[in-house]
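Okay, structure first, notes after.
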Amino acid sequence: MIDKPHVDWFAISPSLALLIAAGMLLMIAVFVPAGPRRAVAACTGFAGFVAAFVFAVVVDVKSPVATTIVHDSLFRDRWAALAQVLIAGSGAVAVLVSYRERLRDEHIAEYFALLTAAGAGMAFFVQASNLMTLFLGLEWFSIALYVLTAIDIDLIGSLEAGLKYLVVGAFGSATLLFGSALVYGETGQLSFDKIGSYGHGHASMLVVGLAMILVGLAFKASAAPFHMWTPDVYQGAPTPVTAFMASATKIAALVVTYRVLAVAFPQDEHLWRYAIAVIACISLAWGNLAALVQRNVKRILAYSSVSHAGFMLIAVAAASPLGERALMYYLIPYAAMSLGAFAVVAARERELGVPVTLQNLAGFGWERPLLGVSMWIFLLGMLGFPLTGGFIGKFYVFAAAYNHGFWWLIVAGVIATMISAYYYLGVVRAMYFRDAAELQLAPAGGSPPRELLLGLGVLICVAVTVGSFFAVQPLIDVARSAAAALPL
Amino acid sequence: MHGPDIQWYVILAGLLFSIGALGVMLRRNPLIILLSVEIMLNSANLLLIAFSRLHGREDGQIFAISVMAVAASEVVVGLGLIVAMGRRHVELDVDKLRTLRG
Amino acid sequence: MASWLTTILILLPLGGALLVAVAPLTSYWLGSLAALISLIEVGFWITSASKFDFNSPALQFAQNRQWFSDLGVSYHIGQYAFSLWFVGMTVVVMAACTIYGWWAGRERGRAYFALMLFLTGAIVGVFTAQDLLLFYAFFEAMLIPLYILIGVWGGSNRMRATITFVVYTVVGSLLMLAAIVVLGLQQGTFDLTKMGTSSSTWLFLGFVVAFAIKSPLFPLHGWLPITYRESPPEVSAVLSGVVGKAGLYGLLRIVIPTFPTVAHDWRYVLLVLASISLVYGSLLAFRAPDFRGVVLYSSLAQAGLIVLGLFAFNDLGFDGAVLQIVNHALVSAALFLLAGMVERRTSTGEFARLGGMARGRPALATLVMTTGIIALAVPLSTSFAGEFLILAGVFRQGWAWAVIGAAGIVLAAMYMLRAISGVLHQEPGPAVTDAALDLRLGELAVVVPLVLCLLGLSAWPNLVSGHAFGGNRALTQVITPTGGYLTTTLGQSGQWTRYAP
Amino acid sequence: MADFLVWVVWFVAAFACLASALAVVSFSNPFYSALSLIGNLASLAVLFLLLSGEFVAAGQLLVYGGAVMVMFLFVIAYLGDRTGESPWSGGPSWQIVGAVLAGGAILAEVCVVVGMQAGGFLTKPQHITRAFGSPEAIGRLFLTDHLIAFEVTSIVLLVAAVGGVVLGSHARKIEGDART
């Protein structure tokens with residue numbers, strides 16, 4: 001007779017909600033006729049994300065004390081719950097943006113099923129509390145994302161992006177796995193808590209293992225120099241998928257990175273702090289410099305996401321309560337800005353039917369004032385201008401770095417921001433400054449109807465981007481209570 | 001029963017991992033890259049099982065079994081992609097996949 | 001109620017910008033709406049000036065709400081007496097420029113007027129923020145509308161202008177951001193009124209570079225010529241008249257009170273740079289081939305003069321600097337607008353193709369003449385008062401500085417007279433045809449109030465210079481009542497004399 | 001004597017393992033690579049057995065040898081031989097050889113250093129009973145301590161299955177390529 005373990009179902013309710021939605025979507029794929037399928041599938045997916053959002057909020061409220069469930073398999077704490085809130089929110093907006101994406105009708109339900117499954121995997125991943133659930137969660141959402149990237153199977157570019165993502169992603173997760181095995185070998189433990197309480201032993205295996213785990217997570221966070229897949233995959237994937245990847249994956253990867261470091265490797269803080277700081281600097285330098293020469297807007301945003309990974313890693317490197325708050329706060333506007341920016345790109349792409357470049361973005365700001373102004377807000381936010389949460393996020397990150405004596409990271413961040421002004425404002429320039437003769441209007445046959453849902457998603461992103469500038473105190477309070485779950 | 005100690009396993013796993021990693025980085029045929037990824041995952045499995053034995057805890061073996069299932073999943077998706085590309089008569093060479101460019 | 005006045009002055013234009021952005025009106029009516037809002041803004045400023053207690057050195061109309069607590073950042077705004085004057089010049093110049101844009105019928109009016117109003121709110125915020133981070137937020141927010149205003153409505157070379165402008169200002173402001181983060185965390189608060197002093201040279205330089213770029217000061221003025229030339233004239237007027245003053249305000253409000261010892265140690269460097277700006281700017285203005293060129297290089301020269309006053313480190317200098325900031329805001333706004341009006345008629349600003357416009361155009365001639373004469377600081381004008389105070393102040397730092405300053409004033413007379421004669425006198429240039437009419441009513445309505453303000457100040461410059469720091473107190477006593485260093489330095493040389501006409 | 005046999009078996013398996021892995025990455029024809037991987041898997045299974053991982057070894061042979069490799073071979077057969085007959089056609093260039101040697105030397109050095117640091121002996125673990133690694137023990141753990149991992153493994157497989165279905169559907173003629 002096997003004693004069944006007690007499972008705290010409530011703690012995993014966000015993942016479960018999304019999984020149930022995914023299951024229902026698979027049913028919809030089979031049983032609902034092609035006509036209403038898109039609408040039904042989108043509604044189900046949206047409902048799944050909203051339910052996950054609500055559950056995550058409730059879990060966050062009801063978990064003031066961090067606990068683990070099922071023999072250290074998963075954490076139930078606010079750090080994870082807040083990340084789940086953000087992931088579910090990103091997913092819900094991604095559903096809105098996806099609604100009119102030109103995918104095959106016979107794949108639309110599977111598309112939403114995979115999107116919710118990816119969301120469920122991320123929600124699971126951020127709760128992971130041992131090396132096994134860490135690896136499984138990573139693979140869960142990664143495999144869903146590989147398929148989502150390639151789901152537009154009629155396009156070579158989409159397949160190619162999927163293959164690249166798969167190869168690089170598998171390489172990264174194998175590295176993470178090998179590192180996990182080394183850590184397990186040194187400590188004999190899988191759970192983060194117990195690894196954390198293991199004293200210094202034969203440190204070299206632990207350190208190599210830690211380094212390999214970091215590399216594996218850095219692949220997912222697309223931090224340089226492990227970002228080489230990012231531009232290609234972001235460009236080739238269907239744009240709503242890119243939007244979801246850019247926001248939700250980054251949230252999951254960074255939140256987990258910090259958790260693993262803080263919970264499992266507190267004794268090696270003096271090592272990983274510098275490693276992270278160096279990765280942050282490389283990301284800032286590489287992301288921003290490479291973005292300068294890009295013409296394709298999705299690639300520009302991809303490199304910008306690399307540089308934002310650098311900014312957030314500065315907060316990780318600070319490894320202090322202030323850094324934790326800074327990281328959590330930064331993620332909120334960042335998720336909104338990158339989702340929103342890709343949503344606007346998706347709108348333009350659907351109008352033109354060709355990849356969006358700086359050239360054919362000309363005049364977009366005047367044609368579609370709402371989307372244009374929104375894009376402008378997102379870009380300024382990424383640049384770290386006031387009236388957007390991006391400004392406060394950068395400010396917090398710098399404050400965390402300074403408080404920890406990493407003044408040189410402030411210098412790096414400031415220089416990176418200076419460089420980034422050129423390409424962010426270059427996009428604004430492309431949208432607004434062209435002469436009338438250069439304007440490229442929608443192709444003959446008229447532009448497709450304005451999309452209410454996409455507009456709604458963009459408005460939500462604008463509201464979060466701008467709102468997080470004004471509502472700093474409540475957001476910081478939430479981030480503070482989330483960070484209280486961590487030992488550092 | 002006296003067998004090789006843990007060092008031998010770690011070194012063997014490390015070498016296997018390196019071979020797999022080199023395969024991923026140097027080969028251009030996606031099929032062979034996938035096979036190399038399998039070698040990497042297997043090397044980690046070997047390590048997990050060796051440590052599982054060292055510590056006398058079975059969770060390493062559990063981990064290894066999960067990894068096998070995950071590896072199979074990755075292969076399914078990877079082969080699916082390769083087949084889809086093969087149907088479109090794309091040359092299977094990652095260096096020649098140049099549709100996506102800046 | 002009175003404590004809300006500052007907030008209203010900031011939020012009214014920002015809200016107005018939002019209203020203009022969404023109101024379902026035609027471009028013309030949006031323009032009139034924007035003009036109306038900017039006039040209401042002026043009305044609110046007059047109200048606040050009437051309620052202002054000029055004898056009190058305290059921060060007035062202040063509001064303080066916590067923004068986020070763990071780093072000690074708050075929404076803290078309020079006005080000192082000099083802030084009140086700066087806000088006043090801002091709202092007046094912005095109203096004039098908005099109305100000019102309306103009169104000139106800028107295309108894409110919705111965006112244009114929304115941005116102008118947004119800019120107004122941001123600049124007022126800069127002059128009233130008492131929290132460093134809030135100050136920075138407004139300081140950066142100014143750049144957003146300016147970038148678009150130049151990039152969309154600018155001249156043919158506007159792309160390069162925007163890039164140059166943005167590169168300079170972003171570099172400066174990010175240096176300042178780094179300095180703000182470090183300073184605020186060292187002090188434990190970002191509130192300027194609670195902040196102690198710092199003796200860090202690096203932080204001082206971070207602020208000074210940012211403000212010197214904005215002012216602009218030699219050698220950081222590289223963005224100035226192309227930006228002022230390519231902007232629409234009313235945007236040039238705003239840039240030179242008000243936005244540049246934000247940099248000088250930063251020196252006055254933040255750099256000198258927060259870094260008194262470092263500023264005092266570095267004063268010679270600043271004085272040298274200011275002198276170079278003054279002389280070099282004047283020479284460039286003298287050589288400038290076009291009307292706008294004269295005005296834009298004179299902005300550089302005037303910024304140098306004002307910095308001379310600030311770093312004279314005595315009451316005369318401070319009073320004179322405040323007065324001269326207000327003067328120059330009005331003068332350069334009026335001159336840029338007039339230059340725009342001339343260009344509108346002749347589609348060129350080059351002296352080689354201009355001339356003889358006085359004949360048959362009495363209103364234009366009168367206004368150019370009056371403004372120009374005030375600009376060159378003839379005695380009895382308000383500029384003369386300001387420059388005299390500055391020179392008297394800097395004289396105490398050493399007679400040589402005063403000599404340089406006086407040389408600058410002489411040069412100012414030369415380039416301004418050259419500009420006036422180049423436009424108005426001599427034979428009519430090839431670009432001046434009979435189709436180039438005199439100023440229209442709308443244009444008069446824009447420029448005449450500015451000139452009237454200048455004439456009023458000429459009659460009573462002590463209104464500003466005597467009421468810049470609340471009663472007859474020194475800046476240092478106003479801002480850092482406890483910061484002893486400057487008070488003692490000033491105390492020794494503190495037998496200041498007031499200039500009264 | 002038993003010790004000696006174990007060592008012999010270990011060396012043979014380890015050598016086979018490395019050799020087949022090298023073969024996988026160096027064959028130019030994926031068909032031969034896949035065949036070599038089978039050898040690699042088999043020799044790993046032998047090592048697993050030496051480590052009391054009976055269940056894992058069986059799983060290795062069934063899952064990999066039975067399922068994964070068959071899939072690979074099917075796909076290779078489906079795509080047809082596109083790289084010529086000889087497994088060595090073309091041959092590696094000198095740069096690649098150099099890179100492999102340099103990179104391999106560094107990696108091997110790291111492996112040895114790390115490996116030598118690994119302490120402990122596999123020889124006398126009293127706590128290892130006959131049941132260690134047996135199907136019952138593994139199954140019990142999977143349903144108790146590692147229930148979540150077990151469930152998630154099945155979810156991952158399901159996601160991959162959906163992915164396989166989606167990716168396997170037929171291509172359609174399309175006019176414009178929106179992203180390329």
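Because the structure is predicted, anything quoted here is derived from the model rather than measured. Letters A, B, ... mirror the listed sequences (proteins, then strands); counts begin at 1.
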Could you tell me the separation between the [atom1] atom of [X] and the [atom2] atom of [Y], rounded to the nearest 0.5 Å?
X	Y	atom1	atom2	value
T153(D)	L136(A)	OG1	CG	4.5 Å
I148(D)	M132(A)	CD1	CE	11.5 Å
L167(D)	L159(A)	CG	CG	7.5 Å
E151(D)	I12(A)	CD	CD1	9.0 Å

Please look at [X] and chain A and tell me whether the side chain, the backbone, both or neither of the residue comes under 4.5 angstrom of a heavy atom of that chain.
X	result
V159(D)	both
I155(D)	side chain
V166(D)	both

By a 4.5 Å heavy-atom criterion (distance strictly below it), what part of [X] contacts chain D: side chain, backbone, both, or neither?
X	value
L148(A)	neither
A117(A)	side chain
F124(A)	side chain

Check your understanding: If you count heavy-atom pairs under 4.5 Å with chain A, which of V156(D), V165(D), V152(D) comes out on top?
Key -> V152(D)
Check your understanding: If you count heavy-atom pairs under 4.5 Å between each of L157(D), V162(D), L158(D) and chain A, which one has the most?
Key -> V162(D)
Point to revise | More than 12 heavy atoms from other groups under 6.0 Å of CZ on F142(D) | key: yes
Practice item. Take atom CZ of F10(A) as the centre, draw a 6.0 Å sphere, and report whether it contains more than 12 heavy atoms from other residues, nucleotides or ligands. Key: yes
